[in-house]
Amino acid sequence: MSSIPPKYYYCNQNDFGSVDGYERHLVTHHPDLPGYPGPADIALYGLEKQGMSWKREIKANMEWK
């Protein structure tokens, strides 16, 4: 699985080529938005899920050890 989404969450930009390119776009074009949105961010901003590993929801009854 890639470490960057296939397309950006907040605009139509895609094909960043690297994590650096993705993060450079984030800080220059969308500085106040999360670049790696989790489930709460996706719900808050109405974003489209892209199947990234950090979006895994944690069940409320899960115990932390």
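Because the structure is a prediction, the values reported are computed rather than measured.
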Chemist: For the CD atom of Gln50 and the NZ atom of Lys7, what is their distance to the nearest 0.5 Å?
Modeler: 5.0 Å
Chemist: At their closest point, which heavy atom of Gly35 faces which heavy atom of Tyr8, and how far apart are they?
Modeler: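 That closest heavy-atom pairing would be CA-OH, 4.4 Å.
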Chemist: Taking only residues two or more places apart in sequence, or in another chain, which ones meet Glu23 in a side-chain hydrogen bond (donor to acceptor under 3.5 Å, both in side chains)?
Modeler: Tyr36
Chemist: Kindly write out the residues that satisfy ring pair (Phe, Tyr, Trp, His ring centres under 6.0 Å) with His29, not counting sequence neighbours, or none if the list is empty.
Modeler: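 His25.
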Chemist: Looking only at heavy atoms, what is the nearest atom pair of Asp41 and Leu47, with distance?
Modeler: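 Where Asp41 meets Leu47 most closely, the heavy atoms are O-CD1, 4.2 Å.
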Chemist: Sequence neighbours excluded, which residues qualify as side-chain contact (heavy atoms from CB on, under 4.5 Å) partners of Asp20?
Modeler: Ser18, Arg24
Chemist: Within the 4.5 Å heavy-atom criterion, are Tyr22 and Pro5 side-chain neighbours or not?
Modeler: yes
Chemist: Taking side-chain contact (heavy atoms from CB on, under 4.5 Å) as the test, write out the residues that go with Leu33, two or more places apart.
Modeler: Tyr10, His30, Tyr45
